[in-house]
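Treat the numbers as computed from the prediction; the structure is a model and nothing was measured.
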Amino acid sequence: MNKFLLALHALILIPTTACAQTTSHPGVVSSADPRASAAGQQILRDGGSAADAEMAMMLALTVVEPQSSGIGGGGFFVYQDAKTGKLTTIDGREKAPAAATPKRFLDANGKPVSFFQAVPGGLSVGVPGNIRVMAMVHKRFGRLDWKALFAPAIKLAEDGYTVTPPMAGGMGYVSQVWGKFPAISAQYTHDGRPYAVGETIKNPDLAKTLRAIADAGPDAFYTGDIADSIVKAVTGASMNPSDMTLADLAAYEAKERAPVCGTYRRYRICGMGPPSSGAVTVLEILGMLERFDMKKLGKDSPTAWHLIAEAMQLAYADREKYLGDPDFVSNPVKGMTDPAYLHKRSMLISPTTTLPKYEAGLPPGAEPRTAAVQNEVHGTTHFVAIDRAGDIATMTSTVEGPFGSQLLAGGFVLNNELTDFTFAPEKDGAPVANRVEGGKRPLSSMSPTIVYDAKGKPVFTVGAAGGKTIIMQVAKALIAHLDWGMSARDSIGQGLVYFSPQGIILEQGTSLEAMKPALEQLGHKVSIAKLGLKANAAELTATGWEGAADPRSVGVALKE
C-alpha cells in the first residue's frame, strides 16, 4: 500500500478536533416523522441548541413513532461542538439485568430458542438508556430549561396524533400477539382492531410519565413509580418474565466513549465505537473499496455494486467475530481499521468474480474467537439537528423490533434489545464476543456518522434505521455522496444491496433490480426484495446546511 494511502488512513481512534466555526445560517432538523421534526424546529426557534432539539425529537418520537424508538429503549448520540471543535460520542445502549447469564436464550436442552420465541415479554427487555443520555447531553450541551424539551411530546401525547402508514404497518405485524399483552392492546387497539392510518391516538399515561420526568429530572425514570412500573411489567409478563430489578435501573449510566474515526478519499469519517459496530464496519467497507475508482464506475455500474457487495460481506464477517461490549470483551478496533489490514482484505476482492466464501480475517491485536451470527430485526429511527452556531447532533435511537417486547410501562414501549445478543454463548468450544452476560450491552448496528472535509470542517451527517442493514445504508450513502456527488436526499434514497446466507439482495423497486443478470454473471446468487429502509441526513451546501429525509419514509427535514 503506498505512503499516500497510509497517511490518508491515519488517526484511527483519535477524537476529532474539527475547526471551530460559526454560521449565521438557520438551523435544520430531520427525522422520520413530521411531528418530531416540528418539535425540533420549535426548540431551535426558541433558542435551543442542536442538542436540545435532538432530545426534544427523541421525546416526540416516543409518542408518535412507538413502533421504532422511545424512552423505553436506548441509542447512540454523536455531537460536534462548533465552538470547541470537539466530537463527543455517548453510549446509551440498554444493559442486561445483573442476574442475566449466557443461558438466557437457551431451551431446556441447551439449544438457542427461536428469535420470535425470545422477543415477546420480559426476558428481551434491557435497562433503558435514553433518559440517561438525555441528562448527560442536556447538562453538557443544553441551552433551554430541561422542562422545555418535554413540552412538544407532552402536547402530542395529551392532544393526540394521527397514525402514519409506518405505525399502522408495525401494528399489523405484531398485533396478533397482543391478546397476551393487555397494556399495549388497550393503548393501540379499539373495537377489537389496531388503530388505522389517519385515526387519532391519545396517550395520557405517557403524558403523565413525561411530566413526572420533566418536573423531577432523570432520576424520576430510574427510581420511584416509573421504575416500579418497568420492573412490574417485565417480571410480571405473561410470556418470558424477566429478572430485572429496581437496582438494575438505579445503577444504569450512559457512557461517553472515544469516537472511532478513519479516512476515505480526502474525507475523515467519525462515529460510535463498540458496543456499536457501526463505525468500525462502515470504515472496513470503505477501506476495502478505496483502491477502486468508484467515482469513475458510477452508480449505474454493476461492477461498482459487485465491489460494494464483496467488501460488505467481508466486513460483516469481521463484525460478527470480533465486536462486543468493550466493558466485557477486547475489541480489536485499531486492527480492524488498520490501513494495511484493510488493504490485505481488499486484495481478496476481484472486479470480475466473486469470492467462494466470506470469512473473517485476522486483524492485528485480535484475540482468538469464533464467529457467530447475531439477530437484529428492522426497527429503530435516526434524527439530526444542526443549530445556527453550527453544532451538530446526530442520534440513532431504538426499541429494536416493532413495538419492542410488546410490553408497556407508564405508556411507553419497552425494548427487546437483549435479543441483539448472540443466543449461543459458545461456538466450537470458544466464547462468543456478543453472548449474554449480566450488566452487558448487546452489540448494535446503529451508525450515527459525521463526515469532515480535508480541512476538518463537518460537511455531512447521516444515520439510518433497519437492523443490520443500517451499516450498509450508511456506507452506501457515503459512497453515493462522496464518490458519486449525489445530494444528501438522493444518497440516502439510492437503492441498496444487502446479503443473506443465500446470496446478495437487491432492493425491490430501485434501479438495482436491473443489475440482477450482470451480477449473476459475476458469480452472485441474487434475489430481489423489499428491505424496510429509513435514513436521515444533512449536508453542508454553499447556502448553509440542508436536511434530508428518506423518500421511503414519512419523515421530513425542516429549517429553523
Going by atom types alone, do H382 and S30 pair a side-chain donor with an acceptor below 3.5 Å?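 Their side chains do not contain a donor-acceptor pair, so the 3.5 Å distance test is not met.
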
If only side-chain N and O atoms count, and only distance matters, is there a donor-acceptor pair under 3.5 Å linking S277 with R319? yes

Working to the nearest 0.5 Å, report the span between [atom1] of [X] and [atom2] of [Y].
X	Y	atom1	atom2	value
Q473	I492	CD	CD1	9.0 Å
E54	S397	CD	OG	9.5 Å
I90	M272	CD1	CE	8.5 Å
L123	M239	CG	CE	10.5 Å
L210	L59	CG	CG	6.0 Å
T394	F383	OG1	CZ	8.5 Å

For [X] and [Y], indicate whether the former's side chain and the latter's backbone hold a donor-acceptor pair under 3.5 Å.
X	Y	result
D248	A98	yes
E513	G509	yes
Q187	K202	yes
Y222	P128	yes
D52	L144	yes
T422	A424	no
T461	T449	yes
S31	A36	no
Q406	P120	no
N240	Q117	yes

Basic-acidic side-chain contact under 4.0 Å: [X], [Y]:
X	Y	value
K155	D159	yes
K427	E320	no
D550	R552	yes

What do the steps show when you test D145 against K147 for salt bridge (charged side-chain N to carboxylate O under 4.0 Å, His left out), and what is the final call? CA-CA 5 Å; D145 289 341; K147 291 180 68 172; over 6 Å; no

Would you check if [X] and [Y] make a side-chain contact, meaning some heavy-atom pair closer than 4.5 Å?
X	Y	result
M58	I71	yes
P218	M134	no
Y358	M312	no
P275	E94	no
D219	R132	yes
E400	S124	no
I505	S527	yes
Y498	K468	yes

Y173 atom OH: more than 12 heavy-atom contacts under 6.0 Å: no

Taking the six-membered ring for Trp, is the centroid-to-centroid distance between F403 and Y188 below 6.0 Å?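 Yes, the ring centres sit under 6.0 Å apart.
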
Centroid separation F421 to F105 less than 6.0 Å: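 Here the rings of F105 and F421 have centres that are no less than 6.0 Å from each other.
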
Of the non-hydrogen atoms in [X] and [Y], which two are nearest, and what is the gap between them?
X	Y	answer
V497	A309	CG2-CB, 4.2 Å
Y252	G92	OH-C, 3.1 Å
K476	Q494	NZ-O, 2.8 Å
G411	N203	O-ND2, 3.0 Å
V163	A196	CB-O, 3.3 Å
Y161	V63	OH-O, 3.0 Å

May I have the step-by-step check of side-chain contact (heavy atoms from CB on, under 4.5 Å) for I43 and V29, ending in yes or no? CA-CA 10 Å; I43 293 297; V29 295; over 6 Å; no

Tell me which one of N130, N536, T381 satisfies side chain to side chain contact (heavy atoms under 4.5 Å, CB included) with M395. N130

So, applying ring-ring contact (aromatic ring centres under 6.0 Å, His included) with H138, which one of F150, Y79, W146 is it? W146

Using the rule salt bridge (Lys or Arg N to Asp or Glu O under 4.0 Å), only one of K95, R93, R257 pairs with D327; which is it?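 Between D327 and the candidates, salt bridge (Lys or Arg N to Asp or Glu O under 4.0 Å) is satisfied uniquely by R257.
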
Can you check side-chain contact (heavy atoms from CB on, under 4.5 Å) on V174 and Q67, steps first, answer last? CA-CA 10 Å; V174 296; Q67 75 277 12; over 6 Å; no

If the plane angle is over 60° it's perpendicular, under 30° parallel, otherwise tilted; pick one for Y316 and F499. perpendicular

What verdict does the side-chain contact (heavy atoms from CB on, under 4.5 Å) test give for L407 and V234, after you've listed the backbone C-alpha separation in whole Å, the side-chain angles of each residue and the deciding distance to 0.1 Å? CA-CA 7 Å; L407 295 175; V234 299; 4.2 Å; yes

Between D91 and F76, does the side-chain contact (heavy atoms from CB on, under 4.5 Å) criterion hold? Intermediate values first, please. CA-CA 5 Å; D91 169 8; F76 295 113; 3.3 Å; yes

